[in-house]
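The block underneath contains the structure these notes are about, expressed in structure tokens.
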Amino acid sequence: MRTWTGLTVAAGLLLVAGCGADGLETGAGTVEKKTTEAFLATAEGDWHRRVDAEPHKNLSTDARCYLVTGADSNKSLGTMACGPLRRLGTAEGRVWDIVRVQATGSDKPGLEIPTNEPWQRSQVHPESSALWRPDDKKAPDNADTLAAPPPPAETAGFTDITDKPATLELRPADGKLVVPDGTLTLQGIATPATIGSGTEIRRPADGEKFVAAVFGTTPTLDGLTGEPAVQAATTAPARTKWTLTVGSEQRPVTVLTKALTATTSGQMIIASVPENASDVLLTATNGALTQSLSLVSGKRTTTAAAAYYRTTTTATLAKTLTNGSVNQGRDFESKLDLTLKKAALTPWDPQRGWAPAGKAWVRVSLESELEFTWILYTNAWTKPFVTATVDGVAVAPSDATPESGTATLLVPETAKSVVLMVTPRMTFASKTFSEPSPRSGTAVYPTLTATATFQ
């Protein structure tokens with residue numbers, strides 16, 4: 001409970017003689033009317049000097065101080081209440097400042113506030129009690145329902161992101177933006193009349209309105225490894241620059257503040273924007289590619305990086321080469337073990353970056369092991385090693401070899417059926433110091449095919 005130092009009333013006011021029935025009844029006797037009036041006048045003046053300077057309050061035009069008595073009586077309950085005064089952030093009914101008072105112990109009782117007595121600010125009307133004055137002035141009938149003061153205005157153009165959002169009446173929204181270093185997903189949007197709570201409550205600047213969105217973030221995963229995509233990159237990928245776009249204005253914001261492997265939830269972005277703003281966009285720029293998400297509709301407003309938003313972007317292949325042995329002549333012996341493991345459709349590749357507009361990458365993970373008479377021969381793989389047709393149309397082959405670990409092909413971003421064909425062909429030649437048989441040749445291993453389907 002917040003307190004403040006009590007009033008000290010001049011002792012001369014406490015020693016006025018009298019014990020009329022119209023005074024205040026106390027345990028020390030009756031404080032006569034004129035003494036009580038003098039005490040209240042001094043106490044009320046001091047209270048006003050304090051509270052009149054307070055910001056962000058609603059002080060009733062009829063605010064004054066009262067002695068708290070028993071219901072329908074003038075018997076003091078030992079406190080004084082001043083108000084009604086509604087402060088910013090206080091609940092309805094908490095409109096009274098209350099302090100302890102005591103009667104002086106003399107044959108002509110007076111009243112005083114004990115030295116350094118703390119005031120209890122913004123209290124409710126004490127139960128089973130009355131607010132009494134010797135001049136019979138009454139507290140306003142609507143004192144306990146005094147309206148809250150208007151919140152102060154936030155600064156124009158205010159923009160903030162916090163992980164401690166206020167309670168908002170959210171409209172459903174699940175739009176998202178996906179970039180290599182993280183995925184942002186909306187959890188709800190709102191246009192609140194105020195933000196904050198208690199003494200921190202604020203209204204928009206004049207001529208502006210609040211737009212708010214609650215969101216969470218997750219790492220963007222590599223489709224082949226299941227690890228954060230940026231960990232698979234051969235060079236450090238560009239970090240995404242986030243801005244809030246309001247008309248022609250760009251407001252920088254920090255969205256992905258946690259480690260790239262972290263998951264967050266319940267963050268809130270709040271912005272004060274012009275009342276006539278038709279849309280407010282959260283924009284993510286990574287390299288040469290820009291994406292935007294509306295905080296008004298909760299929907300993505302760009303079509304770039306479409307493969308990130310497909311329903312199914314990975315396919316298990318599990319195709320293994322059989323009968324992979326090729327032997328020639330007296331000395332050349334070889335065996336190739338080859339497996340196509342998985343395929344992933346993505347607009348961003350850890351080695352190549354963003355696919356061109358309208359395109360996406362199909363990345364295929366493969367494992368291979370070659371055994372051959374290396375002591376006698378050198379070898380080289382013939383390209384193309386991996387070719388593909390996409391929805392029945394051939395695309396440019398991959399430049400991968402069996403040792404690459406990953407084969408990458410450029411395909412239309414609308415690709416659904418990708419038929420992969422692996423044709424392992426290896427040329428070999430004798431080393432200069434040897435005379436094997438044959439001296440050179442080509443080993444052609446069985447063709448391996450697999451189909452990846454994306455939705």
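Residues take their numbers from the sequence shown, with the count starting at 1.
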Are any of the side-chain nitrogens in [X] or [Y] under 4.0 Å away from the carboxylate oxygens of its partner?
| X | Y | answer |
| --- | --- | --- |
| Asp97 | Arg50 | no |
| Arg64 | Glu44 | no |
| Arg352 | Asp399 | yes |

Expected output: side-chain [X] to main-chain [Y] donor-acceptor under 3.5 Å:
| X | Y | result |
| --- | --- | --- |
| Gln291 | Val178 | yes |
| Thr104 | Gly110 | yes |
| Thr220 | Val179 | yes |
| Thr185 | Lys176 | no |
| Thr159 | Gly157 | yes |
| Gln123 | Arg121 | yes |
| Tyr66 | Lys138 | yes |
| Ser404 | Thr406 | no |
| Asn58 | Leu146 | no |
| Arg203 | Pro151 | yes |

Grab the two heavy atoms, one from [X] and one from [Y], that are nearest each other, plus how far apart they are.
| X | Y | value |
| --- | --- | --- |
| Asn286 | Arg239 | ND2-C, 4.0 Å |
| Ala153 | Ala205 | CB-CA, 4.1 Å |
| Ala450 | Leu340 | CB-CD1, 4.0 Å |
| Val99 | Pro118 | CG2-O, 3.9 Å |
| Leu177 | Tyr309 | CA-OH, 3.4 Å |
| Ala388 | Leu420 | CB-CD2, 4.0 Å |

Exceeds 12 heavy-atom contacts within 6.0 angstrom, atom [atom1] of [X]:
| X | atom1 | value |
| --- | --- | --- |
| Lys241 | NZ | no |
| Asp135 | CG | yes |
| Gln455 | CD | no |
| Lys342 | NZ | yes |
| Lys75 | NZ | no |

Any side-chain donor-acceptor pair under 3.5 Å between [X] and [Y]?
| X | Y | result |
| --- | --- | --- |
| Thr339 | Thr320 | yes |
| Thr283 | Thr245 | yes |
| Thr217 | Thr264 | yes |
| Thr30 | Glu25 | no |

Counterpart residues, salt bridge (Lys or Arg N to Asp or Glu O under 4.0 Å), relative to Glu367 (two or more places apart) = Lys341
How long is the span from the [atom1] atom in [X] to the [atom2] atom in [Y], to the nearest 0.5 Å?
| X | Y | atom1 | atom2 | value |
| --- | --- | --- | --- | --- |
| Thr346 | Trp361 | OG1 | CH2 | 10.5 Å |
| Leu221 | Thr183 | CG | OG1 | 7.5 Å |
| Leu85 | Trp47 | CG | CH2 | 5.5 Å |
| Leu168 | Phe210 | CG | CZ | 11.0 Å |
| Phe158 | Ile195 | CZ | CD1 | 4.5 Å |
| Asp222 | Trp348 | CG | CH2 | 8.0 Å |

Full working for side chain to side chain contact (heavy atoms under 4.5 Å, CB included) between Val411 and Leu345 | CA-CA 9 Å; Val411 304; Leu345 181 72; 3.9 Å; yes
Determine whether [X] and [Y] make a side-chain contact, defined as any pair of heavy atoms from C-beta on separated by less than 4.5 Å.
| X | Y | answer |
| --- | --- | --- |
| Pro350 | Arg363 | yes |
| Leu282 | Leu186 | no |
| Val211 | Val246 | no |
| Ile113 | Val101 | yes |
| Arg87 | Pro149 | no |
| Leu131 | Trp96 | yes |
| Leu67 | Leu40 | yes |
| Lys209 | Val273 | yes |

Not counting sequence neighbours, list each pair that qualifies as a salt bridge (Lys or Arg N to Asp or Glu O under 4.0 Å) and has a residue in residues 297-320.
->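 Passing the test, one end in residues 297-320: no pairs.
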Residue pair Leu366, Phe385: steps toward the side chain to side chain contact (heavy atoms under 4.5 Å, CB included) verdict | CA-CA 12 Å; Leu366 54 90; Phe385 170 62; 4.1 Å; yes
Residues Met80, Trp119; criterion side chain to side chain contact (heavy atoms under 4.5 Å, CB included); working and verdict | CA-CA 10 Å; Met80 178 177 65; Trp119 282 72; 3.6 Å; yes
Under the side chain to side chain contact (heavy atoms under 4.5 Å, CB included) criterion, do Ser417 and Thr451 qualify, and how do the steps go?
-> CA-CA 7 Å; Ser417 177; Thr451 300; 3.8 Å; yes
